[in-house]
Amino acid sequence: MKKYDHKKIEGKQQKAWAKTKLYTTKEDTKKPKYYVLDMFPYPSGEGLHVGHPKGYIATDVVSRMKRMQGFSVLHPMGFDAFGLPAENYAIKMKVNPAVAVAKNVARYKKQLEILGFDYDWNREVNTTDPAFYKWTQWAFLKMYEKGLAYESSEPINWCPSCKTGLANEDLEDGKCERCGSVVEKKPIRQWVIRITKYADRLLADLDALDWPESIKESQRNWIGRSEGAELVFPVVNASTKHELSNITVFTTRPDTLYGVTYAVVAPEHALLTKLKTENPAAVSNWAEIESYTASAKAKSEIDRTDVKREKTGVMVHGVSVKNPITGELVSLFVADYVLADYGTGAVMAVPAHDERDFAFAKRYGLPIKEVILGGDIKTGAFAGFGTLVHSGHFSGQNAEVAQKGIVSEAKGKWVVKFKLKDWVFSRQRYWGEPFPIMRDGDVVVPVSEKDLPVILPKVKSYEPSGTGESPLATIKKWVEVKIGKEKSAKKMMRETNTMPQWAGSSWYYLRYMDPRNSSKLVDPKKEHYWNEVDLYVGGAEHATRHLIYARFWHKFLFDMGVVSTKEPFKKLQSVGLIMAEDGRKMSKRYGNVVNPDDIVATYGADTMRVYEMFMGPFDQAIAWNTQSMIGSRRFIERVWRLGEKVSTTKKHVDTPVIEAVLNKTIKKVTEDISMMRFNTAISTLMATMNEFEKNDMLSRGAYEKYLKLVAPFAPHVADELYAQLGNKKSIHITSWPICDETKIGVEKVKIAVQVMGKVRGVIEVEKDLSEAVARELALALPEVKKWVDGKEIVKVIYVPGRIVNIVVKG
RNA sequence: GAGCACGUGGCGGAAUGGUAUACGCGCUAGUCUUAGGAACUAGUUCCUUACGGAUUGGGGGUUCAAGUCCCCCCGUGCUCACCA
């Protein structure tokens, strides 16, 4: 037998697979389908490091097994390339983003190809391809038609360095996720998507998904549903008691209404401007108030929401607010611990039972009135539900029970609020999908469907202007559109903002089903065939951004009748990060990056694949260790050498022990791959190898079955060895072995004999041995006798195939 | 501060409530080799000369039996964080 030469084998097999179009996917209605999807990469200038392919290897393993199990498998790959990272990179390298992206994509593709994945490259998509983004624009157009996309000039997060507005989801600790700059609040005209309209569905449909609980929990947290009451507090002139206006507060604890000792509005609250215009004389300290609101607004989000900061605020002198249930007048404050964009921007303060109100009241010497017995404010933001006191005729009732009555008596209404904000959808940058929107003066005119796509023009200068307009605004030829041919034709102006990076990735998985369709986003027949994504694998960092946007986009398309499922991704699996050997993140900055090209050259793609699946539990973060990888290489070499032990005579029959081991391995490996427990699948294959090596000869049939189990992990060497046995067909399109349970059962098992729970001996018996015989055998063991003699046997527990436990007394 | 994970040899880790430490790395000894390495063979949780004992972050509990279930504490990681 020749020496194992990974370079030769891997090159040869990859060529053969391409030549025979082994992985070309078809909608085969005679087969069940399986759609397994990777989160497509964002091709950066640095190329892939060994951590990136971990998830791709996993989907490759699953897809190969599924194919062998008779499924028609869709396992596609594409590239997400619009947006800030590509654009900032292009600016830095002084090249056009389109050129940089094409180069990076080519490099990524090459790096992926040498790993021997079974992607059907005929279905490749790229979000920056006009044939693709035509449908991103189309969906936006439909959202606009349905009133889900609207223009707004509310202050939004603005990154001063990237010179663009950002969505809430794009922030990390109040900083720009891309460049780390502290984000400012700035009023910018922008397109916003009413994702909040889907908040309840996004929340409710989570329950049925087969996703990691932690990711579902993050989404619930992000959507942040809370039920509570809106209560109206009249605002009155403090001396005349004359009603000037009113504020609506939102509270989840209306049962504490009797404990309200003051009220607070956010610095941005409309009441202040309203009072200033309508009743300026009612308030005596405008200067103080205005200086406070101005400084609050000037603060960055990060400063303003710092929990450790002491709470500040200013009393609004001259006005009081009236408790809607007691008629009591309490003072009004402006304070920035109340957020303008949550609830109603105004709260009723109950310092006795709310931690934040308590801190504020203590600082400003405000009254604290207890209304719930046993409500310890130190235990959390809110008191528990105890018995009400000092609460009028509600006193003595359970607080939770009393809520309803209090709300109705205060003439409040029950409402549901969400933390989720509408999606700020425009960026003042060049490298993104243009909006299919024009303007005739102030009137918004959507581009008609037949004129899609609106192609992103080539520009000389694509640096951001910082003015709130994108660089597209400077291209007069593109911005001005003539409607009609005659000289008097109307001139319209194109929208010059572009869409955010997350637009294309919100629906790309649908395009793989029908990537070249120019008349439809996806053909309904194909959509019906592939249906939802059966398995989606990617990083947990997308929990609250991509995975929320994509679910929203999908639900919208469902409402439009474009897709037939309510949810896009049936099962989600997170992939754990691969860290560098030093335990830090792999980064050029630290100089600790391991390049897969080098690993493949030295050890081979099969070794790298096996190693990454063997390292540890798939969803756990783990440090790379090149030294440890040698074990995977040895394993492959042992599989290779095992070929020498394979019997050439057809008559060879395996021993019952070998048959049992093989069938158990088939069962375990099949289960483990299905459950993404790749590390134990491989350890089982290794243990099986140890058993095989103890034997003199192995039948060809047994070896072939074993090779099939190895094939998803090490596809090149498995196919090569399979061919060396004289097979003409690729191993990857043969059928997956099935476990023969009858071959497992006959085997004798070693079971432990315990005395008082401590193992004292072992007996080798038939699996279904009767209790009486087991007891007799166990008690006959000298090492057991030693511990039992002279003592009374209280009872004997026998679990067939597992254990005998003798309980003694004395 | 809240939520969610998690804590097992020198290291990565395995274990439907049923022989803890599978599998792999490393290490030790041996074979082969001019040598080194590679490869192969054997050994490798700890204490003890041995008999035996101890052991899954610490403490308690349930059970014939606990790494696994329950309670308390300590530690680590991730996510969210003034959401009324």
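Computed from a predicted structure; not experimentally measured. Every chain is numbered from 1, with letters handed out A, B, ... down the list of sequences.
- Checking B:A84, B:G24, B:G13 against every side-chain atom of A:F614, the shortest atom distance belongs to B:G24.
- For A:P617, the listed nucleotide lying nearest its side chain is B:G13; candidates were B:G13, B:A81, B:C25.
- Taking atom CG of A:N805 as the reference point, atom P of B:A65 lies 8 Å away to the nearest angstrom.
- Taking atom C1' on both B:A42 and B:U76, the two are 38 Å apart, rounded to the nearest angstrom.
- Across the protein-nucleic acid pair, A:I793 atom CD1 and B:C64 atom C1' stand 13 Å apart, rounded to whole Å.
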For a quick test of your reading: what N or O donor-acceptor pairs under 3.5 Å do the side chains of residues 680-687 of chain A make, sequence neighbours left out?
unit_1 : atom_1 : unit_2 : atom_2 : d
A:T680 : OG1    : A:D672 : OD2    : 2.9
A:T680 : OG1    : A:R677 : O      : 3.1
A:S683 : OG     : A:T680 : O      : 3.1
A:T684 : OG1    : A:T680 : O      : 2.7

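- In this entry the distance linking NZ of A:K585 with P of B:G77 reads 14 Å, nearest Å.
- Side chain to side chain, A:Y292 and A:T312 meet the donor-acceptor criterion of an N or O pair below 3.5 Å.
- Here the C1' atom of nucleotide B:C64 and the OH atom of A:Y798 are 16 Å apart, to the nearest Å.
- Using a 4.0 Å heavy-atom cutoff across all strands shown, A:W211 reaches no nucleic acid atom at all.
- Note on A:R545: every side-chain N or O is 4.0 Å or more away from OP1 and OP2 of B:U79.
- Close to B:A15, at under 4.0 Å from its OP1 or OP2, lies no side-chain N or O of A:T680.
- Among B:A84, B:G18, B:C80, the nucleotide with an atom closest to any side-chain atom of A:W222 is B:C80.
- OP1 or OP2 of B:G52 has at least one side-chain nitrogen or oxygen of A:K786 nearer than 4.0 Å.
- In this structure, B:G9 is classed as syn because its glycosidic torsion stays within 90° of zero.
- Proximity of A:K758 to the phosphate of B:A54: a side-chain N or O atom is located under 4.0 Å from OP1 or OP2.
- Not one side-chain nitrogen or oxygen of A:N679 sits closer than 4.0 Å to the OP1 or OP2 atom of B:G12.
- Between B:G10 and B:A22, the distance separating the two P atoms is 14 Å to the nearest Å.
- Residue A:R802 places none of its side-chain N or O atoms closer than 4.0 Å to OP1 or OP2 of B:A15.
- Listed nucleotides: B:G18, B:A84, B:A39. Nearest to the side chain of A:I803: B:G18.
- At the heavy-atom level, A:V759 lies under 4.0 Å from the strands shown only through sugar-phosphate atoms.
- Taking 4.0 angstrom as the limit, A:R677 places none of its side-chain polar atoms (N or O) nearer than this to OP1 or OP2 of B:A14.
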Check: Given A:K311 and A:R363, is the side chain to side chain contact (heavy atoms under 4.5 Å, CB included) satisfied, shown in steps?
Finding: CA-CA 8 Å; A:K311 294 189 175 23; A:R363 180 149 191 221; 5.5 Å; no
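- Ranking B:C23, B:G18, B:G52 by closeness to the A:A687 side chain, first place goes to B:C23.
- Using a 4.0 Å heavy-atom criterion, one finds that A:N221 contacts the sugar-phosphate atoms exclusively.
- For the pair A:K54 and A:F618, the cation-pi criterion (under 6.0 Å, within 45° of the ring axis) is fulfilled.
- Within the nucleic acid shown, A:V338 comes within 4.0 Å of at least one base atom, counting heavy atoms only.
- Heavy atoms of A:T544 sit nowhere under 4.0 angstrom from any nucleic acid atom.
- The residue A:I630 sits close only to the backbone: its heavy atoms come under 4.0 Å of sugar-phosphate atoms, none of a base.
- Taking atom CZ of residue A:R760 and atom P of nucleotide B:C64, one finds them 19 Å apart after rounding to whole Å.
- Across all strands shown, A:Q620 has heavy atoms under 4.0 Å from sugar-phosphate atoms exclusively, and none from any base.
- Remark: P of B:A84 and CD of A:E230 are 13 Å apart, rounded to the nearest angstrom.
- Ranking B:G52, B:U19, B:C4 by closeness to the A:S214 side chain, first place goes to B:C4.
- Enclosure of atom CD in A:E764 by more than 12 non-hydrogen atoms of other residues, nucleotides or ligands within 6.0 angstrom is indicated.
- Regarding contacts with the backbone of B:A84, a side-chain N or O of A:Y342 is found under 4.0 angstrom from either OP1 or OP2.
- Proximity of A:R634 to the phosphate of B:A38: no side-chain N or O atom is located under 4.0 Å from OP1 or OP2.
- Contacts of A:T251 classified as side chain to side chain donor-acceptor pair (under 3.5 Å), with partners at least two apart in sequence or in another chain: none.
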Next item on the list: Start with the C-alpha distance between A:M629 and A:W624, add both sets of side-chain angles, then the distance that settles side chain to side chain contact (heavy atoms under 4.5 Å, CB included), and finish with yes or no.
Entry: CA-CA 9 Å; A:M629 189 172 56; A:W624 179 265; 3.9 Å; yes
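- The residue A:R638 sits close only to the backbone: its heavy atoms come under 4.0 Å of sugar-phosphate atoms, none of a base.
- Taking the centre of each ring, A:F360 and A:Y262 come in below the 6.0 Å mark.
- For the pair A:M686 CE and B:A14 C1', the interatomic distance rounds to 13 Å; values are reported in whole Å.
- Rounded to whole Å, the C1' atom of B:G53 lies 42 Å from the corresponding atom of B:G37.
- As a whole-Å value, the separation of A:Q627 CD from B:A38 P is 10 Å.
- Note on A:I622: only backbone sugar-phosphate atoms sit closer than 4.0 angstrom, heavy atoms only; bases stay farther off.
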